[in-house]
Structures are given as C-alpha cells and as structure tokens.
Undergrad: 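This is the structure I want to talk about, given as structure tokens.
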Number of protein chains: 2
Amino acid sequence: MARSGPKLTRIATALGVSAATVSNALSGKGRVSAELAEKIRSVAAEIGYVPSQAGRALRTGKSAVIGLVLPDISNPLFPQIAQAIEFAASSAGYGVLIADSRGDVAVQTRAIERLIERGVDGMVIVPRRGTRIADVGCPVAVVDTPSTPGNTVAADHWDGGRQIAEHLVGLGHRRLLILGNNPASNVQNDRIGGLRSAMREGAQAETLWIERLEQVHGKGCSLGLAGKVAEGVTAFAAVSDLQALRALTELQRAGIHVPEQASVTGFDDLIWSPVVTPALTTIRMDMARIATLAVEALVQAIGAGEAEFPSHGRPVAATISKVPMQLVVRQSTATPPSNVQPAPNVKPPSEGEPQS
Amino acid sequence: MARSGPKLTRIATALGVSAATVSNALSGKGRVSAELAEKIRSVAAEIGYVPSQAGRALRTGKSAVIGLVLPDISNPLFPQIAQAIEFAASSAGYGVLIADSRGDVAVQTRAIERLIERGVDGMVIVPRRGTRIADVGCPVAVVDTPSTPGNTVAADHWDGGRQIAEHLVGLGHRRLLILGNNPASNVQNDRIGGLRSAMREGAQAETLWIERLEQVHGKGCSLGLAGKVAEGVTAFAAVSDLQALRALTELQRAGIHVPEQASVTGFDDLIWSPVVTPALTTIRMDMARIATLAVEALVQAIGAGEAEFPSHGRPVAATISKVPMQLVVRQSTATPPSNVQPAPNVKPPSEGEPQS
DNA sequence: CTGAAAGCGCTTACAG
DNA sequence: CTGAAAGCGCTTACAG
C-alpha cells in the first residue's frame with residue numbers, strides 16, 4: 001500500500017458527491033458530466049490522489065500485475081528480455097513481478113506458486129530447458145523455441161542459424177565448426193539445425209559441444225580451436241555470443257588472426273559483441289517484438305479468462321508466433337584465407353551434398 | 001487475483017468454524033487450539049487454499065511487495081543485482097516488482113510513481129548516475145557508492161580498486177593505465193581512487209576515459225593500447241570487466257600477449273570473465289550480502305514506518321554499510337616483462353611519490 | 001447524469 | 001479458545 005494516502009472518499013466528501021461518481025469520473029467511463037468530471041480530476045490531482053491497487057484488485061479480481069519467470073536471471077540474455085517485457089507490460093498497464101528459478105525445476109515450480117499467491121493475472125515464462133509448463137491456474141505466455149510445445153512466441157532461431165551459415169558460406173567458407181554448449185537445449189538445436197541447413201555447395205559443418213568437452217577436461221578447458229584451424233576449419237559459428245567470445249579469445253591467444261585466418265560468429269548480440277576487437281558478427285532477436293507479442297497474448301488470455309475460464313484455466317495462445325532474426329555483420333567475419341587446405345572429403349561446389 | 005480460488009470462508013464453513021478462527025489458525029498466531037489448527041491447515045492444503053493478497057493487503061495496508069528500480073536493466077551487472085535482490089526479498093516474504101529507468105531521470109521518476117501506485121511497501125533503488133532520490137513517500141534503500149548521500153548499502157569500490165592495484169604493484173608493475181568509462185560515475189571514481197591510492201613504490205597510473213575518447217573518435221574506436229605498451233605501460237586496470245574485455249581483445253588483436261607482455265584486470269566478475277582466454281583477474285562484489293543488507297534495511301524501515309511515519313515518510317537507513325570486495329586472480333595478470341623500459345620520470349622504488 | 005448499497009477476502013480488536 | 005462484527009478502498013449493478 002502506498003501508505004494511507006488520500007482516499008477516494010476524501011475527494012468525494014470534499015466535493016459533496018458520491019464515491020461512485022468520483023470513481024466513474026476518474027475511470028473515464030463517461031457516466032459523469034464533463035464539468036463535474038473535470039472538477040473531480042482537478043481535486044484528485046491537487047490532493048495527489050493515488051488509487052489503492054488493493055481496493056481495486058479486491059473488487060475487480062484483477063491485480064494488473066504479471067509475473068516474469070526466468071530460468072536463470074544470471075543468463076546474459078536476461079537483461080534484454082526483462083527490459084523488453086517490462087516495457088511492454090508497463091505500456092499495457094501491467095506491473096512485472098520477477099521470479100528466478102535459478103535453473104532448478106523445483107525452484108521454478110515454487111516460484112510460480114508464489115507468483116500465484118501474489119495474485120498475478122498471468123505470467124510470461126521462459127522455461128528452463130526441457131520443462132513443460134503444466135496448468136498453473138492462470139494465463140501463461142511461454143517464450144522459448146517454436147519447437148517447444150505450448151510455446152507462445154519465439155525468435156526464429158532456426159532461421160537465424162540459416163542466416164549466419166549463409167553469410168559464412170557466401171564469404172567462401174567451406175569448413176565450419178559449430179560451437180554448441182548443451183545438446184539438451186531446444187534453442188541451441190534449432191540454431192544448429194538452421195546452420196546445418198545452409199551447408200550446401202560442398203560446405204560442411206562439424207559440431208562441438210562445449211559442456212561435454214568440459215565434463216572430461218574440466219571447466220574453462222581449451223577448446224582446441226587452433227588445432228581445428230590447422231585441420232582446415234576456417235569459420236567458427238557459436239550458438240551464443242558467450243561461446244563466440246570464448247572462441248575469439250582462444251584463437252587470438254593462440255596467435256590466430258580473426259578474421260584473416262578464421263572467422264567467428266555468435267548469436268544474440270549481447271552487450272560485449274560490438275565492444276570487442278574484432279567486433280562480433282552475430283544475430284539479433286527483436287526482443288521488443290517478442291515481448292510485445294507475449295504480453296499481448298497474455299493480456300488477451302486474461303481478458304478471455306473472465307468469460308471462458310470462470311474459475312481456472314490455462315489459456316495459452318493458440319498460434320505460435322515466430323519473430324524474425326536480424327544478421328549483424330561486424331569485423332569478426334571475412335573471406336577465408338586462400339591458402340587453406342580444401343576439406344578432405346569435400347567435392348567441388350556443384351550440388352547440395354549431405355553433410356556429416 | 002489468483003482467479004476465484006477457494007476462499008477463507010469456504011474452509012470456515014466446511015469445518016463449521018468462523019472465518020476469524022481460520023485466519024488465526026493459518027497465520028499461526030496461536031489463538032487456536034492445536035487440534036483445530038491442525039484440522040484447518042489440512043483442509044486448507046486439501047482444497048489448495050491460497051490466501052488473497054488483495055484482501056490481505058486491503059486490510060493490513062501492506063502489499064508485501066517491494067519495487068526494484070534500476071538505472072538500466074541492460075547493464076551487464078544487472079542480472080547479479082536482480083537475482084540477489086529477488087532472493088533476499090523472497091526470503092523475507094516480499095515480491096519484487098521491477099522498474100527500469102532506461103538511464104533517464106524522467107523515466108526514473110515516472111517508474112517510481114508507478115511503483116507507488118502499485119502499492120509497494122518500499123523500494124530498492126540503484127540510482128542513475130548523479131540522481132538524488134527525493135522523498136518518494138515510502139521507505140527506500142539506495143544501493144550505490146558509499147560516497148553517495150542517502151546511500152544505504154554499497155560495495156567498497158574504493159577498496160576493490162586498492163586490492164587490484166596492490167595485486168598489480170605486487171607483481172612488479174610500475175606503469176599502469178586505468179581504463180575508466182564515464183568520469184561522472186561515482187562508482188568509477190571510487191574505484192579509481194582506490195587504484196591510485198596503491199601507487200606507491202614509484203608506481204604510477206594514468207587514466208584514460210573511454211567515453212571521452214569515443215566522443216572524438218567515434219564509438220568502438222581503438223583505445224591505442226598497443227601504443228601505450230610501446231610507451232612502457234605493462235598493466236591495464238579497467239573499471240569494469242566490459243572495458244577489460246575491450247582492452248584484452250584490442251591487445252590480442254595487436255599481437256600483444258596477455259599476460260606475458262601486459263596484464264589486464266577488470267571489475268565485477270561478469271559472466272564472461274572466467275570464460276575468456278586468458279581468464280580475467282577481477283574483483284567480485286558480494287551481491288548476496290549487499291542485497292540482504294538492502295532488503296533488511298528496507299524491511300526494518302517498513303516496520304518502523306507504521307509507528308514513526310503514520311502517513312508518509314522517508315525512512316532511509318541511517319548507517320551506511322560497506323560490503324567488502326573480493327579479489328579473483330586469474331590468468332590475465334602476471335609479472336611484467338623484464339625487458340620493459342622503466343617509466344621515464346620514475347625514481348627507483350624508495351618512497352611513495354605523488355603520481356600524475 | 002448521479003447516488004445508495006452491496007460486497008470483493010481478509011484481519012483485527014472486542015466480546016464471550 | 002472461539003465467534004460476531006466491522007471495515008480496509010474500491011467498483012459495479014441497480015435505482016432514480
């Protein structure tokens with residue numbers, strides 16, 4: 001509560017009208033004469049009237065607050081998401097309550113419960129890998145991959161991968177190394193699927209799963225990228241800017257010039273991508289759009305909930321929206337070196353060939 | 001509202017007791033016999049009773065929600081802050097409503113207003129540079145620098161700087177270049193003050209303000225670090241890991257080996273610091289502790305507000321807490337090269353000398 | 001166009 | 001230990 005500020009009643013008595021009239025005037029539902037409404041508004045402004053959300057919520061059954069459930073706030077992509085959702089929600093008149101599941105399913109479940117207890121009207125969930133959001137008892141918009149069942153909005157990760165690969169292949173690269181982190185991630189698999197889909201013209205791509213490598217060699221181990229360059233790889237396509245950064249610095253540390261000897265690409269246009277030397281070529285999601293669509297779907301479901309789901313329901317959006325990705329070309333990609341060995345088992349550019 | 005879930009009354013009638021008794025049993029205030037209380041709790045659990053926040057808030061005048069006002073969610077440090085505050089607040093029984101001021105004072109003011117409208121009991125504010133938080137009408141905890149008036153909790157940025165510089169000087173570095181971003185930042189100035197304070201033994205430090213440089217040469221311009229190395233600088237101490245990353249990659253790109261030819265340090269232990277090659281030596285704040293202190297101060301002020309500030313007030317914490325920083329030594333720092341030129345106007349190590 | 005009344009779900013004195 | 005009553009501030013039918 002914004003402490004006992006001026007109440008509706010106070011302005012009613014001050015003007016000698018009823019509370020109902022004040023309420024109507026302030027909500028602008030037009031059941032009050034223009035003059036009276038004007039007078040009421042001016043008094044309200046004068047005494048600094050702030051309507052009590054609690055009173056309103058109790059009466060209307062709506063809190064005008066949505067929850068934002070994130071798999072792990074410390075994810076570097078989170079600021080973008082949170083900022084976009086906060087903006088979209090504010091614009092739609094909603095507050096945003098955050099909940100962090102810290103990568104843990106049990107915590108996620110608990111976080112969702114707490115949000116319900118706090119009376120959110122709905123929530124935007126960015127699910128933890130592999131989580132399926134059960135019926136939580138309020139409208140939910142899921143932001144994940146188009147391949148996730150129950151998903152509401154997502155960036156077109158697959159197409160983002162395609163764009164990156166097309167860019168690289170277009171520059172002349174024929175041997176790519178895809179840097180993935182966790183093979184269980186839907187998002188990463190979508191991106192990789194897209195990357196591979198562009199491997200025509202005798203181009204080929206191998207995938208390295210970093211987390212797997214780290215399981216045997218320890219966290220922060222070398223990725224052996226210099227060796228890959230020696231084998232003829234000319235481009236490294238990471239599934240996130242974090243991995244791209246790791247690749248870039250490992251290559252530089254090994255004395256390999258980027259982009260002259262090897263190109264590096266990332267994903268997500270995270271904060272450091274334009275800052276690093278050479279700046280990272282990457283793919284940007286339209287977070288504002290994703291957030292707007294998610295919030296719109298949610299608001300609609302909240303409205304529909306009244307009519308269709310009188311006491312509980314799970315009105316997830318029916319249609320999945322795919323938001324396009326945008327390629328951002330910077331200095332970390334260039335034509336491959338001309339003295340590079342052709343890949344061992346690659347035929348001359350002619351037809352699309354199946355790749356490993 | 002968590003849609004019309006089971007109400008308190010329902011469980012009251014189900015057991016043939018009064019609503020008051022149910023309320024008392026559930027709140028555990030001990031005015032109910034153990035057996036009855038147990039029975040009530042079990043029924044509540046059975047029917048999945050979730051108390052209505054709105055009803056409670058209206059009655060008690062407390063929303064059990066605090067606001068978190070951030071200068072710019074897209075700041076890479078934000079995830080750490082948000083996660084820590086969310087955790088501390090949850091643990092204290094509070095929800096967290098986020099508000100982003102997008103670096104704009106007017107937006108910050110508006111965001112604070114909206115939070116008040118939503119009925120927050122208090123808020124944690126990480127103020128925009130140079131903003132002074134006026135009386136917002138509810139308890140506020142400010143997280144900034146100890147040098148900010150009205151500040152509640154902060155990391156000891158100055159001492160963090162001192163630790164970094166001590167580490168570098170201890171390794172043998174005598175010519176440092178401090179990489180700052182914005183000279184108007186209190187945090188950065190505190191850090192730099194600490195860095196300079198350790199410049200004894202004939203060591204000296206020069207400061208480069210990146211934003212200033214960019215104003216003349218354009219965003220993403222070269223920092224001219226290779227030139228600095230040629231002039232005899234052997235260590236680069238950035239005021240944030242983002243700048244450290246920029247320095248590291250620029251040096252690597254210029255063919256300068258880190259740490260063999262030059263050391264690089266950062267600040268904040270952001271997500272990429274351990275991932276990069278060589279991993280960044282940096283300083284970590286104890287965000288969990290900062291968040292706990294901020295939330296504690298806030299909760300206390302909220303409680304005190306009842307008694308001391310009946311209708312409005314600005315109970316900011318009276319004592320400023322300084323949370324210690326922790327040095328994290330990684331591979332980006334080492335002994336300076338032995339063939340380095342001594343700094344032009346530096347006397348042999350003897351006394352602490354004034355530095356430029 | 002305006003008002004009187006009821007009630008959203010809870011908790012808190014106050015009685016018993 | 002338990003209950004009846006009042007009321008937090010608002011909005012929404014329903015009358016007039």
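Every chain is numbered from 1, with letters handed out A, B, ... down the list of sequences. Computed over heavy atoms, backbone and side chain alike; hydrogens, waters and symmetry mates excluded.
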Undergrad: In whole Å, I'd like the distance from the CD1 atom of A:Ile11 to the P atom of D:dC10.
TA: 10 Å

Undergrad: OP1 or OP2 of D:dT11 less than 4.0 angstrom from a side-chain nitrogen or oxygen of A:Arg56, does that happen here?
TA: yes

Undergrad: With respect to the side chain of B:Val17, which nucleotide from C:dG9, C:dC10, D:dG3 is positioned closest?
TA: D:dG3

Undergrad: For A:Val323 and A:Leu293, what are the C-alpha separation, side-chain angles and deciding distance, and is it a side-chain contact (heavy atoms from CB on, under 4.5 Å)?
TA: CA-CA 9 Å; A:Val323 175; A:Leu293 289 169; 3.6 Å; yes

Undergrad: Over how many whole Å does the gap from B:Leu26 atom CG to D:dT2 atom P extend?
TA: 14 Å

Undergrad: Less than 4.0 angstrom from a charged side-chain N to a carboxylate O is my criterion; do B:Glu38 and B:Arg41 meet it?
TA: yes

Undergrad: Under 4.0 Å between a side-chain N/O of B:Ser18 and OP1 or OP2 of D:dG3, yes or no?
TA: yes

Undergrad: Whole-Å distance between C:dC8 P and B:Gln53 CD?
TA: 19 Å

Undergrad: Tell me, please, which residues at least two apart from A:Glu46 pass side chain to side chain donor-acceptor pair (under 3.5 Å).
TA: none

Undergrad: Return the 5'-most residue of the pair B:Ala37, A:Ala19 with respect to DNA chain D, ranking by each residue's nearest nucleotide.
TA: B:Ala37

Undergrad: With pairs taken as Watson-Crick or G-U wobble and both distances under 3.5 angstrom, which stems of at least three consecutive pairs involve DNA chain C?
TA: C:1-3 with D:14-16, C:5-12 with D:5-12, C:14-16 with D:1-3

Undergrad: Within this structure, what is the CD-to-C1' distance between B:Glu117 and D:dC10, rounded to whole angstrom?
TA: 15 Å

Undergrad: Can any side-chain N or O of A:Asp121 pair as donor or acceptor with the backbone N or O of A:Ala64 at less than 3.5 Å?
TA: yes

Undergrad: Please state how far atom CZ in B:Arg10 lies from atom C1' in C:dG9, giving the value in whole angstrom units.
TA: 14 Å

Undergrad: So does B:Arg289 have more than 12 non-hydrogen atoms from other groups sitting under 6.0 Å from CZ?
TA: no

Undergrad: Output the rounded distance in Å from CG (A:Asn24) to P (D:dC14).
TA: 15 Å

Undergrad: Please determine whether a side-chain nitrogen or oxygen atom of B:Thr9 lies at a distance below 4.0 Å from atom OP1 or OP2 of C:dC10.
TA: no

Undergrad: Side-chain contact test, heavy atoms from C-beta onward, threshold under 4.5 Å: evaluate it for B:Ser90 versus A:Arg114 and give yes or no.
TA: yes

Undergrad: Side chain of B:Ser33 only, heavy atoms from C-beta on: which candidate in D:dC1, D:dG9, C:dA4 is closest?
TA: D:dC1

Undergrad: Can you give each donor-acceptor pair under 3.5 Å made by side-chain atoms of residues 12-21 of chain B, sequence neighbours left out, with the distance rounded to 0.1 Å?
TA:
unit_1	atom_1	unit_2	atom_2	d
B:Thr13	OG1	B:Thr9	O	3.2
B:Thr13	OG1	B:Arg10	O	2.9
B:Ser18	OG	B:Ala20	N	3.4
B:Ser18	OG	B:Thr21	N	3.1
B:Ser18	OG	B:Thr21	OG1	3.0

Undergrad: Does OP1 or OP2 of C:dT11 have a side-chain N or O of B:Ser23 closer than 4.0 Å?
TA: yes

Undergrad: From CD1 of B:Ile40 over to P of C:dT11, roughly how many Å is that when rounded to an integer?
TA: 13 Å

Undergrad: Expressed in angstrom and rounded to an integer, what is the separation of B:Arg59 atom CZ from D:dA5 atom P?
TA: 16 Å

Undergrad: If only side-chain N and O atoms of A:Thr21 are considered, is one of them under 4.0 Å from the OP1 or OP2 phosphate oxygen of C:dC1?
TA: no

